[in-house]
Participant: 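Once you've had a glance at the structure underneath, I'll fire off some questions.
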Amino acid sequence: MKVSTCLSAALLSAAAAKALDTVSAVGNKFFTSNGTQFFIKGVAYQLTEDDPLVDAEQCARDAALMKTLGTNAIRVYHVDPKSDHDKCMSVFDAAGIYTLIDLDTFDTYILPKTPYWNETQFARYAEVMDTFHKYNNVLGFFVGNEIIAQADHSLAAPYIKASARDLKAYRDAKGYRPIPIGYSAADIAELRPMLQDYLTCGGNSSEIVDFFGLNSYQWCDPSAYEQSGYINLQKQAKDFPVPIFFSETGCNQPGPRIFDDQVAVFGDKMVNDWSGSIIYEWIEEANEYGLISYGPKPDATATGADIKGGFSRAGTPTPVSPDFENLKAQWAKATPTGVASANYKADSVSTRACPASTEGGWLVDGNVALPTFGGGPVRPSATGSASGTAASPSSTNNPAPANREIAGMSAGLVGVMLFFTFWL
Ligand SMILES: *[C@@H]1O[C@H](CO)[C@@H](O)[C@H](O)[C@H]1NC(C)=O
Ligand SMILES: *[C@@H]1O[C@H](CO)[C@@H](O)[C@H](O)[C@H]1NC(C)=O
Ligand SMILES: *[C@@H]1O[C@H](CO)[C@@H](O)[C@H](O)[C@H]1NC(C)=O
């Protein structure tokens, strides 16, 4: 119909005209193109294991409530590069919400125990970038999530670094804007800070990640800056070479969540070194991390297109109380301004030294040559074995896709994770 065509054309051009300012990484901060520092107040958003950015009406319902929560970013773990994302991306853009997109797909993860990085993986990651680079509200891409989930996985680190190097080179060769490309790490005490240092070491900015995300469930309310271990996270993040932020956080043991960690992250002690946090997660499911639910839990015999894993996965989002209101109140109080890009000197931070390997701990010795396609994989030599495990609710370490975000993690696994999280 003519009228509605005109109307949607008008709406589209209005949306285009008001597209969000792009964000880029400079030194250890994010800046919007208008010169203000950008701090992430994000939510993990994966309603099903499939692409959540294709249902425009659902995106609109969620974006509207996210806006009242004070959210300015979502993290999406899986997308289908062949689908149309225009409407969802524009709905989130209009709500002032940026997106962080994981590039990996269900069958192209870098594997922790038998890591490799080849053209097939590269092509699949690149396809996601090709689809999403055009949206102003893409804040960043992840090359992996918790690939290294226990201490003896550290030999996979050069493959993660190689993937970031190759996707950055691809982005630049294609003339895409400098969308930051980084990694999202499990919080493993034995490997922290070696992993974050390794991914930003060696002095060549083409070979390091553009940002580092940490999935940390250390702060379980009631807690505090020292007691939670955040004091140590802060020590290790001081003057970090690239932006660092919590790519998942929000421990729910024992609950309810007060989100006092947000006061710390956006407060005096951390705000100069951290770029915010992404709360795990939007939808309530078996792991009980949800900030909203789509109505009461269906009974065990209920079936329907939107019911999977025993939870409704579409509809009108209803806040989970009191977590939703608690987070909203904390974010409303946290309004850091940071530094203007004009007053910021990127060379006030520099790349880190490459860590040496240690017996039974970090197994990559120094600045090893990164794997390349042409020359074949370069396997760093092992110097020992290590134990310990720390998987978070979104761990990719279970190769079965259905187990990833849908089933999430049981309270028992959270306990295991916390047990192994010693403060370094
Ligand atoms: C700059 O952009 C950010 C993100 O779009 C926005 O929140 C902020 O209000 C803008 N600042 C100015 C001065 O335009
Ligand atoms: C990459 O490795 C995977 C797993 O071994 C394999 O299926 C795929 O064919 C490889 N791709 C190339 C281009 O060699
Ligand atoms: C930095 O790394 C890139 C990508 O690996 C490489 O092409 C370039 O030669 C390196 N630069 C220096 C100065 O080593």
Side-chain angles (χ1 to χ4, degrees), residues 15-26 29-42 63 66-67 70-74 89-90 92-100 104-127 135-140 143 156 158-173 177 181 199-210 241 275-276 331-332 334-344 350-351 354 367-379 399:
K18 279 196 286 189
L20 285 173
D21 292 305
T22 57
V23 173
S24 52
V26 180
K29 311 207 183 296
F30 288 122
F31 289 103
T32 55
S33 51
N34 67 21
T36 58
Q37 193 183 338
F38 184 79
F39 295 93
I40 298 170
K41 291 177 178 172
M66 283 179 192
K67 202 173 168 181
T71 311
N72 64 14
I74 52 173
M89 291 302 285
S90 120
F92 281 112
D93 188 292
I97 295 171
Y98 291 85
T99 55
L100 287 134
D104 59 16
T105 55
F106 281 131
D107 52 2
T108 56
Y109 293 131
I110 294 169
L111 302 171
K113 294 206 165 151
T114 50
Y116 62 91
W117 172 244
N118 71 15
E119 291 89 335
T120 308
Q121 291 163 302
F122 171 80
R124 297 286 295 280
Y125 285 39
E127 197 183 1
Y135 303 115
N136 265 27
N137 59 331
V138 171
L139 164 57
V143 291
Y159 296 84
I160 297 170
K161 206 165 170 177
S163 69
R165 171 203 60 197
D166 292 346
L167 270 303
K168 283 169 56 155
Y170 178 76
R171 173 197 68 196
D172 297 346
R177 70 182 169 86
I181 297 174
L199 292 179
T200 55
C201 80
N204 183 342
S205 64
S206 304
E207 295 194 329
I208 69 172
V209 293
D210 290 329
S275 294
W331 274 351
T335 55
T337 49
V339 58
S341 65
N343 298 329
Y344 178 66
S350 56
T351 54
C354 295
N367 195 14
V368 300
L370 296 181
T372 56
F373 302 148
V378 177
R379 287 197 68 84

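Order of listing sets the numbers, starting from 1, for every ligand and every atom in it.
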Participant: Could you check if a side-chain atom of Thr200 sits within less than 4.5 angstrom of a side-chain atom of Val209, using non-hydrogen atoms only?
Facilitator: yes

Participant: Quick one: which ligand 3 atoms are inside 4.0 Å of a heavy atom on Ser206?
Facilitator: 2 (O), 3 (C)

Participant: Output the list of atoms in ligand 3 that are nearer than 4.0 Å to some heavy atom of Arg165, sorted by atom number.
Facilitator: 5 (O)

Participant: What atoms of ligand 2 come closer than 4.0 angstrom to any heavy atom of Asn118?
Facilitator: 1 (C), 2 (O), 3 (C), 8 (C), 10 (C), 11 (N), 12 (C), 14 (O)

Participant: Looking at residues at least two apart in the chain, or sitting in another chain, which of them share a side-chain hydrogen bond (donor to acceptor under 3.5 Å, both in side chains) with Arg177?
Facilitator: none

Participant: For ligand 3, find out whether one of its N or O atoms is nearer than 3.5 Å to an N or O atom of Glu207.
Facilitator: yes

Participant: May I ask you to list the atoms of ligand 2 that are less than 4.0 angstrom from any heavy atom of Tyr116?
Facilitator: 1 (C), 2 (O), 3 (C), 4 (C)

Participant: Quick one: does any side-chain atom of Asn137 pair with a main-chain N or O of Ile97 as donor and acceptor, under 3.5 Å?
Facilitator: yes

Participant: With Tyr125, which residues qualify under ring-ring contact (aromatic ring centres under 6.0 Å, His included), at least two apart?
Facilitator: Trp117

Participant: Could you pull out all residues at least two apart from Tyr170 that satisfy ring-ring contact (aromatic ring centres under 6.0 Å, His included)?
Facilitator: Phe122

Participant: Hey, which atoms in ligand 2 end up nearer than 4.0 Å to a heavy atom of Thr120?
Facilitator: 1 (C), 8 (C), 10 (C), 11 (N), 12 (C), 13 (C)

Participant: Polar-atom distance check: Asn204 versus ligand 3, any N or O pair below 3.5 Å?
Facilitator: yes

Participant: Checking the side chain of Asn72 only, and the main-chain atoms of Gly96 only, is there a donor and an acceptor separated by less than 3.5 Å?
Facilitator: no

Participant: Using modelled atom types and a 3.5 Å cut-off, is there a donor and acceptor pairing between side-chain atoms of Asp21 and backbone atoms of Ser33?
Facilitator: no

Participant: Does Lys41 use its side chain to pair, donor to acceptor, with the backbone of Ala334 at less than 3.5 Å?
Facilitator: yes

Participant: Any idea which residues sit under 4.0 Å from ligand 1, heavy-atom distances?
Facilitator: Leu20, Asp21, Thr32, Asn34, Thr36, Tyr98

Participant: Please find the pair of heavy atoms, one from Met66 and one from Phe92, that lie closest to each other, and give the distance.
Facilitator: SD-CE2, 3.8 Å

